[in-house]
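Working notes, structure below.
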Amino acid sequence: MATVMAAANGSGGDTKAAFAEIYDKLKQEMLEDPAFEFTDESLQWIDRMVDYNVLGGKCNRGLSVIDSYKILKGVDVLSKEETFLACTLGWCIEWLQAYFLVLDDIMDNSQTRRGQPCWFRVPQVGLIAVNDGIILRNHISRILQRHFKGKPYYVDLFDLFNEVEFKTASGQLLDLITTHEGEKDLSKYNLTVHRRIVQYKTAYYSFYLPVACALLLSGENLDNFGDVKNILVEMGTYFQVQDDYLDCFGDPEFIGKIGTDIEDNKCSWLVVQALEHADKSQKSILFENYGKSDPESVAKVKDLYRELNLEVLFHEYERESYNRLIADIEAQPNKAVQSVLKSFLHKIYKRDK
């Protein structure tokens with residue numbers, strides 16, 4: 001339980017405790033699922049695999065379902081049943097995140113995740129991790145079926161998770177093939193390409209999905225919240241630009257990871273801006289050094305970013321994005337929805353990790 005409590009850091013104490021408790025219940029149900037005759041060995045594997053991959057993050061997405069649902073209902077305390085359902089949907093998002101990360105780490109050939117070796121790098125796991133990713137994804141459907149079948153919004157929940165998964169996987173495809181193309185020709189990177197990757201790969205599942213789950217729990221029809229979806233996707237884009245900035249200029253001690261976007265040839269907001277503002281000789285420095293892992297090349301790219309005043313440019317972008325988002329939020333007719341959106345924005349504005 002202690003590991004779950006640590007994972008659920010980032011919301012009110014009562015919420016964290018309830019969230020942690022419900023994880024244990026959901027995992028136990030997975031281990032007792034009558035649809036498969038588990039052996040002792042497979043039970044131990046699933047138990048360890050789920051803990052290893054679902055826990056260990058900040059759980060911001062999952063906890064946001066509960067926080068958003070409380071705001072939409074206008075209450076500080078939910079009933080036991082409401083708490084259970086909101087926490088369960090929160091964990092479905094954390095399971096989805098785990099599924100994405102297990103497979104993403106294999107595709108990116110990554111070394112570590114959340115301060116420990118990537119699951120596929122754990123001895124005896126290897127490419128069994130591909131199947132583990134599929135199992136994690138299937139758990140979501142099992143959880144939804146077990147706890148939401150018969151609810152008026154059950155089909156909408158299934159449609160929501162399927163649509164968000166499709167958008168995210170498509171964004172991942174775009175990221176992978178764009179990076180591959182960028183290795184041959186950096187000039188293929190531009191703001192439009194970056195924005196599309198970010199919106200689909202990150203914004204839908206990280207920002208829209210938790211709020212959409214809370215809206216469905218509240219009995220709302222998602223078709224009536226197109227503007228809310230657009231605002232949340234815009235917020236997710238802003239969040240990723242911050243991430244790109246921190247990858248380069250953040251303090252690794254503070255943000256908890258060493259940024260590798262330059263070495264990995266990523267289509268980051270910084271390289272896109274550099275391509276847009278650089279003169280011919282500066283571009284040649286970029287083309288020569290971007291995507292190389294030796295410290296000298298990385299240092300040259302970072303020096304060029306400073307020369308082009310990209311730090312200043314980022315802070316301008318941050319201020320403009322915030323002002324635009326606040327204006328769009330305040331134009332929303334529903335005050336509770338406004339509060340949900342503002343709570344999201346204030347969690348991420350001017351973050352430094």
Side-chain angles (χ1 to χ4, degrees), residues 10-11 58-74 86 89-90 92-94 96-97 100 153 156-157 159-168 170-171 174 191-246 269 272 314-351:
S11 191
K58 295 186 284 290
C59 289
N60 286 341
R61 294 167 184 84
L63 290 164
S64 292
V65 178
I66 307 147
D67 294 341
S68 300
Y69 186 39
K70 281 181 183 174
I71 295 169
L72 290 170
K73 282 189 72 71
L89 285 184
C92 283
I93 299 176
E94 294 298 327
L96 187 71
Q97 160 93 334
F100 288 147
Y153 51 83
D156 294 324
L157 269 179
D159 286 348
L160 174 65
F161 273 88
N162 286 336
E163 186 188 340
V164 168
E165 183 191 3
F166 172 67
K167 286 182 190 302
T168 309
S170 301
L174 198 56
L191 210 51
T192 308
V193 168
H194 175 266
R195 186 179 177 79
R196 190 175 291 134
I197 291 169
V198 169
Q199 282 185 353
Y200 286 98
K201 188 181 171 183
T202 304
Y204 280 98
Y205 93 91
S206 297
F207 284 80
Y208 174 60
L209 182 57
V211 176
C213 283
L215 285 165
L216 287 174
L217 278 174
S218 305
E220 298 287 0
N221 183 336
L222 294 181
D223 292 342
N224 299 331
F225 293 90
D227 287 348
V228 172
K229 181 194 276 193
N230 294 337
I231 290 168
L232 286 160
V233 169
E234 196 57 46
M235 227 182 275
T237 305
Y238 161 60
F239 179 85
Q240 186 58 49
V241 172
Q242 283 178 315
D243 229 41
D244 291 353
Y245 173 81
L246 291 170
W269 184 83
V272 164
F314 167 74
H315 292 304
E316 280 172 15
Y317 164 84
E318 183 165 54
R319 191 174 58 253
E320 285 167 14
S321 291
Y322 180 81
N323 291 337
R324 189 172 61 248
L325 283 163
I326 282 290
D328 288 346
I329 290 167
E330 289 181 347
Q332 290 304 302
N334 185 318
K335 290 290 180 193
V337 167
Q338 278 192 31
S339 298
V340 169
L341 296 172
K342 281 183 179 174
S343 80
F344 261 77
L345 184 56
H346 292 141
K347 278 177 197 166
I348 63 169
Y349 182 53
K350 288 200 167 174
R351 71 189 173 98

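For this chain, numbers begin at 1 and follow the sequence in order.
Summarising the geometry of V337 relative to N334, their closest heavy-atom pair is N-OD1, 3.1 Å, with the distance given to 0.1 Å. Across all non-hydrogen atoms, the minimal contact from I93 to Y205 is CG2-O, 4.3 Å. Smallest separation of non-hydrogen atoms from E94 and N60: OE2-N, 4.0 Å. Heavy atoms only, all atoms of each residue included: Y69 and A86 are closest at CD2-CB, 3.9 Å.
By the 4.5 Å heavy-atom criterion applied to side chains, K347 and D67 are counted as neighbours. Two residues are said to be in side-chain contact when any heavy atoms from C-beta on lie closer than 4.5 Å; C213 and F161 meet this criterion. Contact annotation: the side chain of E330 approaches that of K342 to within less than 4.5 Å [non-hydrogen atoms, C-beta and beyond]. Put simply, the side chain of K58 does not reach to within 4.5 Å of the side chain of L63, judged on heavy atoms. Residues S206 and F239 have side chains not in contact (no heavy-atom distance under 4.5 Å, counting atoms from C-beta outward). With contacts defined as side-chain heavy-atom distances shorter than 4.5 Å, the pair D244/V272 does not qualify.
With respect to the salt-bridge test (charged N to carboxylate O, under 4.0 angstrom), the residues K229 and D223 do not qualify. In this structure, E234 pairs ionically with R195, as a charged nitrogen and a carboxylate oxygen lie closer than 4.0 Å. A salt bridge links E163 and K167; the closest N-O separation between the charged side-chain nitrogens and carboxylate oxygens is under 4.0 Å.
Here the straight-line distance linking atom CG of L215 with atom CG of D156 works out to 11.5 Å at 0.5 Å rounding. Taken to the nearest 0.5 Å, the CG atom of L325 stands 9.0 Å off from the CG atom of L341. Note that the OG atom of S343 and the CD1 atom of I329 stand 9.0 Å from one another [nearest 0.5 Å]. The distance from atom CZ of R324 to atom CZ of R319, rounded to the nearest 0.5 Å, is 12.5 Å. Here the CG atom belonging to L345 is positioned 5.5 Å from the OH atom belonging to Y322, to the nearest 0.5 angstrom. Rounding to the nearest 0.5 Å places CG of L216 at 5.0 Å from CG of L157.
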Show the numbers, then the answer: is there a side chain to side chain contact (heavy atoms under 4.5 Å, CB included) between Y208 and L222?
-> CA-CA 11 Å; Y208 174 60; L222 294 181; 3.8 Å; yes

Intermediate values then yes/no, side chain to side chain contact (heavy atoms under 4.5 Å, CB included), Q240 and I197 | CA-CA 10 Å; Q240 186 58 49; I197 291 169; over 6 Å; no

Quick one: do M235 and I348 satisfy side chain to side chain contact (heavy atoms under 4.5 Å, CB included)? Show the steps, please.
-> CA-CA 9 Å; M235 227 182 275; I348 63 169; 4.0 Å; yes

Full working for side chain to side chain donor-acceptor pair (under 3.5 Å) between E318 and Y238 | CA-CA 7 Å; E318 183 165 54; Y238 161 60; 3.1 Å; yes

List the steps and the verdict of side chain to side chain contact (heavy atoms under 4.5 Å, CB included) for S64 and V211.
-> CA-CA 7 Å; S64 292; V211 176; over 6 Å; no

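Inspection of the Y153 and E220 side chains reveals no N or O donor paired with an N or O acceptor under 3.5 Å. Using modelled atom types and a 3.5 Å distance limit, the side chains of Y204 and Q199 yield no donor-acceptor pair.
Between the side chain of D328 and the backbone N or O of I231 there is no donor-acceptor pair closer than 3.5 Å. Q338 places a side-chain N or O within donor-acceptor distance of the main-chain N or O of Q332, the cut-off being under 3.5 Å.
The environment of F344 atom CZ is dense: over 12 non-hydrogen atoms of other residues, nucleotides or ligands sit within 6.0 angstrom.
Note on ring orientation: taking the six-membered ring where Trp is involved, the planes of F314 and W269 are perpendicular (angle over 60°, cut-offs 30° and 60°).
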